[in-house]
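Heads up, the thing below is written out as structure tokens.
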Amino acid sequence: MSAVLTVNSYFNDQVKSIALDNKEGTSTVGVMAIGEYEFGTSQREYMTVVSGALTVKLPASDTWDTFLKGDTFIVEANQSFNVKVEETTAYLCRYE
């Protein structure tokens, strides 16, 4: 278990996260500014909206679904997904 926190920045500083490892595993806590983004996964990801909302197009889906505070969606490993953010939004991402 590492005591070091890692700060990550993506999309010209429009998405920032802090990575942590603890007894529950690896997670990131972050914020997304207003915009549209495409993310790729290397592990299964459990994304939970902490504040705000994320409109997401999941892999193999033709529809966009909006996730609000407290909602969680799962993206399997080695997939990509699209996100639309209409208000600055905080999230928690847990990795498996």
Side-chain angles (χ1 to χ4, degrees):
M1 203 167 15
S2 171
V4 178
L5 300 177
T6 304
V7 178
N8 300 299
S9 181
Y10 308 95
F11 304 102
N12 294 320
D13 292 336
Q14 296 301 296
V15 177
K16 292 199 175 205
S17 67
I18 300 172
L20 62 108
D21 290 308
N22 63 21
K23 65 183 178 183
E24 295 178 18
T26 301
S27 299
T28 56
V29 181
V31 177
M32 294 184 200
I34 295 169
E36 294 188 23
Y37 311 101
E38 182 174 3
F39 295 96
T41 64
S42 60
Q43 298 174 274
R44 176 184 286 161
E45 297 185 11
Y46 294 79
M47 292 277 295
T48 302
V49 177
V50 174
S51 176
L54 298 176
T55 301
V56 180
K57 186 176 180 209
L58 293 169
S61 176
D62 292 328
T63 62
W64 291 84
D65 296 304
T66 300
F67 296 87
L68 304 174
K69 179 180 178 179
D71 291 342
T72 299
F73 61 91
I74 300 169
V75 183
E76 295 297 331
N78 305 310
Q79 302 287 316
S80 62
F81 63 103
N82 297 89
V83 177
K84 293 180 186 178
V85 183
E86 294 185 8
E87 65 177 307
T88 302
T89 297
Y91 65 90
L92 166 67
C93 184
R94 187 172 57 82
Y95 301 91
E96 272 191 2

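By convention here, the first residue in the shown sequence is residue 1.
In this structure, S51 contributes its side chain and A90 its backbone to no donor-acceptor pair below 3.5 Å. Of the possible donor and acceptor atoms, none in the side chain of S9 sits under 3.5 Å from a partner among the backbone N and O of K16. Counting only distance, with no hydrogens or angles, the side chain of T89 and the backbone of E87 share a donor-acceptor pair below 3.5 Å. A donor-acceptor pair under 3.5 Å links the side-chain atoms of T41 to the main chain of E76, judged by distance alone.
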Next item on the list: Before giving the answer on side-chain contact (heavy atoms from CB on, under 4.5 Å), spell out for V29 and L20 the whole-Å C-alpha distance, their side-chain angles and the decisive distance to 0.1 Å.
Entry: CA-CA 8 Å; V29 181; L20 62 108; 4.2 Å; yes

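Closest approach of A77 to S42, counting heavy atoms only: CB-O, 3.7 Å. Pairing each heavy atom of S80 with each of P59, the nearest pair is O-CG, 3.2 Å. Here the shortest heavy-atom pairing between L5 and I18 reads CB-CG2, 3.9 Å.
When the shell of 6.0 Å around CD of E38 is examined, it contains more than 12 heavy atoms from other residues, nucleotides or ligands.
Side-chain contacts under 4.5 Å among hydrophobic residues (ILVMFWY), followed directly or transitively, place Y46 together with I74. In the hydrophobic clustering, F11 connects to Y10, V15, M32, Y37, F39, M47, V49, L54, V56, L58, F67, F73, V75, F81, V83, V85, Y91, either directly or through intervening members, whenever side-chain heavy atoms lie under 4.5 Å apart.
Residues T28 and S17 bring no donor and acceptor atom of their side chains to less than 3.5 Å of each other.
Distance CD/Q43 to CD/Q79: 14.0 Å, rounded to 0.5 Å. For the atom pair CG (D21) and OG1 (T26), the distance works out to 3.5 Å, reported to the nearest 0.5 Å. From E96, atom CD reaches atom CD of E45 across 11.0 Å, with rounding to the nearest 0.5 Å.
Counting heavy atoms from C-beta on, the side chains of W64 and K84 come closer than 4.5 Å.
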